[in-house]
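Here, residue 1 is the first one in the sequence, and each next residue gets the next number.
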Amino acid sequence: MMISEFSISPQKFKGSLNLSLTINSGQTSQPPWKKGNFYFQELIMIDDAPCLVKIRHDDADPEGDLEIIAESPENMTEKTIETSIREIFDLDHDLNRFYQFLGDDPKLAPTIDFCQGMRLFKAHDPFECIISSISSANCSIIRWTRSIEDIKRKWGDGYRFSSGDFYTFPSAEVLSNVPEHDLEEMQRAEDNLPDDFVFERNLQACGVGYRAKYIIKAASIVQSEINLQKLSKMKYEKAVDTILELPGVGPKVADCILLYGFGMGEAFPVDVWIKRIIEDLYFPGEELKPQTVREFGMERYGKWAGYVQLYLFHYARKSGLLESFRKK
C-alpha cells in the first residue's frame, strides 16, 4: 500500500479556504466527505486507480497549510494527487477577485463575511454528480446523501484501507441494470428464497422514491448516448440542452450538474429559495418566474453566477433571511 503525506501551502492557492464549510455546504456534486481523526476522507479514482484521500485544514488559520495523506494500492505521484485535490476543491479559483466583484454590489457584499473561504465542491466523479443532483430534487440533504451512500455500498467497488472500507460510485452500465423496486428484484431472484428474505438490492430501497426510474433511465442514456468527457468541453448552452435530455432533469438540476459536476461557473441554479432571495434583494414586492430569475442571475453575475448562487443561499440560511421567508 502506497502512503504519501504532503501539504499545500496557502500561497499555492488563490484566496482563502474554509474546508469544512465547503464540504458541508450541501452542494450536490457528492455527499460530504466523512470526518475521522481530524481528517475529511474519501475514496477517489485517479487515473483509474483507487486512492483514499485524507485532507485537513485549520479553517481558523488562513496561513495554515492544507494537509494531505493519500493511500493507494497503486503507485502515484504527489503531483498527480495534488492536481485532483486542486480540482475538487477549486483551489485555482481566485476568491480574492470574486470578493472584489461581490463588494462592488451592495446587495452581495454582506455575503462575504458569512461565506469566507467557501469554494465549489466539485465532483470527482461527474456521473455521481448527475445521480446525486437527480436524487436531491425536492429532497433534504440528509436524505439524498444517505441514498447515494447506499447506492455506493450496494453496487460500487469496495476497497479496504487503514481507516475502514470505502466504495466507488457504480458505473452507468452497472446502475442502468439495477432493479427499480422490490417487485422487480423479486422477479429477478432465484426460486426457493426463505420466507423472511428482505429485498433491498433495488433502487427504491435506497430511499430515492419516484426518482428510481429516472436514475435507471439516466444511467442508460449516459452509458449509450452522452459522452461525459465531450460534455465537459461543450459550451454551456449546448451542455444544458444535452443534460436536459435526461429524465428527472429540469433547468435547476441541469445547472447544478453543470456547475458542481463540470465547473461551468455561468450556471445559476434556481430553486424556490434562490427565487425568493433574488426577489427580496432586487425586486421587492414582485413575483418572478424561475426562468426570469435564472436569466437575471446569469446576465447580472456572468462568469461568477454559480458562485454567487452558492454564496447567496448560504448567506440567507445563516443570516436568518430564509427563516423570515418561511414565516411569511
Side-chain angles (χ1 to χ4, degrees), residues 15-32 59 89-90 93 95 98-99 101-103 105-123 129 132-145 249-284 287-328:
S16 56
L17 170 66
N18 188 316
L19 184 65
S20 179
L21 180 56
T22 297
I23 287 175
N24 292 309
S25 54
Q27 301 178 49
T28 59
S29 53
Q30 61 209 292
D59 295 327
F89 295 100
D90 208 22
H93 181 81
L95 275 193
F98 175 54
Y99 291 164
F101 174 82
L102 294 177
D105 186 335
K107 304 290 187 182
L108 301 180
T111 67
I112 300 174
D113 289 339
F114 283 85
C115 306
Q116 186 71 230
M118 182 165 62
R119 294 174 176 268
L120 281 185
F121 185 33
K122 294 162 73 175
C129 176
S132 292
S133 297
I134 292 173
S135 300
S136 72
N138 302 311
C139 191
S140 71
I141 294 172
I142 293 174
R143 186 173 175 184
W144 75 255
T145 292
V249 174
K252 185 259 184 179
V253 172
D255 275 338
C256 283
I257 291 169
L258 296 179
L259 177 61
Y260 304 126
F262 297 91
M264 297 188 183
E266 61 267 56
F268 191 73
V270 175
D271 61 7
V272 63
W273 300 114
I274 289 296
K275 175 179 173 297
R276 292 181 183 179
I277 292 166
I278 292 295
E279 288 169 350
D280 183 75
L281 293 178
Y282 296 97
F283 304 94
E287 174 125 13
L288 306 179
K289 293 180 179 179
Q291 181 61 23
T292 303
V293 174
R294 181 169 174 258
E295 291 169 357
F296 169 83
M298 293 180 67
E299 181 177 347
R300 186 176 182 96
Y301 308 132
K303 66 179 182 179
W304 306 112
Y307 258 94
V308 170
Q309 184 266 3
L310 180 63
Y311 271 52
L312 277 176
F313 182 75
H314 185 74
Y315 161 73
R317 189 169 56 174
K318 292 299 182 181
S319 68
L321 187 58
L322 281 196
E323 193 59 35
S324 71
F325 295 152
R326 292 190 178 99
K327 292 177 180 178
K328 289 181 180 179

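- The structure places CZ of R294 at 15.0 Å from CG of L288, a figure rounded to the nearest 0.5 Å.
- In terms of heavy-atom proximity, G26 sits nearest to I141 at CA-CD1, 3.7 Å.
- Counting all heavy atoms, side chain and backbone alike, N24 lies closest to P32 at OD1-CB, 3.6 Å.
- Note that the NE2 atom of H314 and the CD atom of Q27 stand 10.5 Å from one another [nearest 0.5 Å].
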Could you walk me through whether R300 and V308 pass the side chain to side chain contact (heavy atoms under 4.5 Å, CB included) test, one step at a time? CA-CA 10 Å; R300 186 176 182 96; V308 170; over 6 Å; no
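- Pairs engaging residues 266-279 under the side-chain hydrogen bond (donor to acceptor under 3.5 Å, both in side chains) rule: K275-E279, K275-E287 [sequence neighbours left out].
- A 6.0 Å sphere centred on CD of Q291 holds more than 12 heavy atoms belonging to other residues, nucleotides or ligands.
- Judged by distance alone, with hydrogens and angles left aside, the side-chain atoms of D59 form a donor-acceptor pair with the main-chain N or O of L19 at under 3.5 Å.
- What you find for L259 and G265 is that their closest heavy atoms are CD1-CA, 4.0 Å.
- Y301 and F296 have perpendicular rings, their planes meeting at more than 60° on a 0 to 90° scale where under 30° would count as parallel.
- A side-chain donor-acceptor contact under 3.5 Å links T22 to the backbone of R119.
- Here the straight-line distance linking atom CZ of F89 with atom CG of L17 works out to 8.5 Å at 0.5 Å rounding.
- Put simply, the side chain of S136 gets close to the backbone of S133: a donor and an acceptor are under 3.5 Å apart.
- Taking the side chain as every heavy atom from C-beta outward, T28 and W144 approach each other to under 4.5 Å.
- Without hydrogens or angle criteria, S324 side chain to L321 main chain gives a donor-acceptor distance under 3.5 Å.
- At least one side-chain heavy atom of L310 sits less than 4.5 Å from a side-chain heavy atom of L120.
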Derivation and outcome, side chain to side chain contact (heavy atoms under 4.5 Å, CB included), residues F283 and T292: CA-CA 12 Å; F283 304 94; T292 303; over 6 Å; no
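- Atom CG of residue L281 and atom CG of residue L312 lie 6.5 Å apart, to the nearest 0.5 angstrom.
- No side-chain heavy atom of Y311 sits less than 4.5 Å from a side-chain heavy atom of W304.
- Nearest heavy atoms, G15 versus L95: CA-CB, 4.2 Å.
- Pairing each heavy atom of P31 with each of T145, the nearest pair is CB-CG2, 3.6 Å.
- Using a 4.5 Å cut-off on side-chain heavy atoms (C-beta onward), I274 and P269 make no contact.
- The aromatic rings of F101 and F98 lie parallel to each other, with less than 30° between the two planes, well short of the 60° mark.
- Atom NZ of residue K318 and atom CZ of residue F313 lie 10.5 Å apart, to the nearest 0.5 angstrom.
- Rounded to the nearest 0.5 angstrom, S29 OG and F121 CZ are separated by 5.0 Å.
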Please tabulate, one pair per line, all N/O donor-acceptor pairs under 3.5 Å involving side-chain atoms of residues 109-118, not counting sequence neighbours.
unit_1 : atom_1 : unit_2 : atom_2 : d
T111   : OG1    : L108   : O      : 2.7
Q116   : OE1    : S16    : OG     : 3.0

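- The shortest non-hydrogen separation linking C129 to C256 is SG-O, 4.4 Å.
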